[in-house]
Amino acid sequence: MPDSILMAVEDRTAVITINEPDRRNAITMPISSALRAAVEAAEADPAVHALIVTGAGKVFCAGADLTSLGTATEDGLRCIYDGFLAVAQCSLPTIAAVNGPAVGAGLNLALAADIRIASPSAVFDPRFQKLGIHPGGGATWMLQRAVGPQVARALILFGLTLDAKAAAHHGLVLDVAEDPVAAARQLAGGPAGAPRDVVIATKASMRATANPGTVDLDQHRIAVETELSPQAASILSPEFAQRLSAAQRLSAAQRLSAAQRRS
């Protein structure tokens with residue numbers, strides 16, 4: 001597993017950390033692939049009963065790296081989605097310890113978890129429309145499921161952002177804690193202390209009974225497919241091209257700064 005994704009297992013709980021703080025934990029295709037590998041490794045480990053995902057430093061995840069999005073076809077977008085979809089598809093109970101801003105695809109990552117615990121500095125910002133691109137990865141469905149249609153539309157269509165207190169008020173997060181990872185570990189003590197097969201079967205039942213007659217994973221898949229073509233088309237827009245150019249210049253400046261620090 002690359003250094004950009006860290007995983008530690010303790011007390012039957014796996015903590016997966018996106019470890020790119022200098023890049024605000026932005027998601028690239030390699031990071032997305034490594035995140036899926038980490039989730040699958042946790043699922044395959046009989047000693048793991050629950051999973052926590054968080055970010056290194058002061059940001060949970062700043063979203064998809066725009067330079068990756070700039071070359072993304074529909075297949076490329078699926079690669080970028082792959083990491084947070086692995087969290088959404090995980091058979092184990094999952095908690096997002098949102099230690100700072102969760103933006104765009106970073107918000108998708110938080111929404112993919114069963115439970116969200118936020119630090120006081122957390123901010124939840126879809127950002128898609130501000131960037132001139134269509135939401136993707138099932139964001140429209142996940143947000144409406146989490147906070148209801150009105151708040152979801154305020155976030156996605158009207159550019160509303162939620163701080164930790166507002167997110168708790170609207171039910172987007174379960175709790176606000178100074179140390180969200182520690183709070184998540186405490187919560188994970190529930191499944192950690194129960195038989196693993198019972199934990200997995202119970203989560204599967206909750207997926208099937210949230211909306212009887214369907215399984216939420218099927219609903220999420222339909223949402224991903226619904227959003228995919230318009231998101232891919234929006235990446236070709238002049239507005240996004242301008243933002244991509246600015247992001248590429250910033251990325252080059254950041255690489256130069258990092259090289260100067262190393263020297």
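None of the values given here were measured: they were computed from a predicted structure.
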Roughly how far, to the nearest 0.5 Å, is CZ of F128 from OG1 of T140?
-> 9.5 Å

Hey, are the side chains of R116 and L174 touching, using non-hydrogen atoms and a 4.5 Å cut-off?
-> no

Quick one: do D11 and R185 make a salt bridge, cutoff under 4.0 Å?
-> no

Using 4.0 Å as the upper bound for N to carboxylate O, is an ion pair formed by D163 and K165?
-> no

Consider only side-chain heavy atoms of I, L, V, M, F, W and Y, link residues closer than 4.5 Å, and tell whether V59 and L107 are in one cluster.
-> no

Are R23 and I31 side-chain neighbours, meaning at least one heavy-atom pair lies under 4.5 Å?
-> yes

The single option from T54, V98, T17, N99 passing side-chain contact (heavy atoms from CB on, under 4.5 Å) against V181 = T54

Does H49 use its side chain to pair, donor to acceptor, with the backbone of A194 at less than 3.5 Å?
-> yes

Between T226 (side chain) and I222 (backbone), is there a donor-acceptor pair under 3.5 Å?
-> yes

Would you kindly confirm whether V176 and I52 end up in one hydrophobic cluster when ILVMFWY residues are joined by side chain heavy atoms under 4.5 Å apart?
-> no

Kindly indicate whether the side chain of M206, heavy atoms from C-beta on, has any atom under 4.5 Å from the side chain of D216.
-> no

Has R153 got more than 12 heavy atoms of other residues, nucleotides or ligands less than 6.0 Å from its CZ?
-> no

For atom NZ of K58, decide whether the heavy atoms of other residues, nucleotides or ligands shown that lie under 6.0 angstrom number more than 12.
-> no

F60 with I95, same ILVMFWY side-chain cluster at under 4.5 Å | no

Residue E225 excluded, over 12 heavy atoms near CD under 6.0 Å = yes

Do E178 and P120 have side-chain heavy atoms sitting under 4.5 Å apart?
-> yes

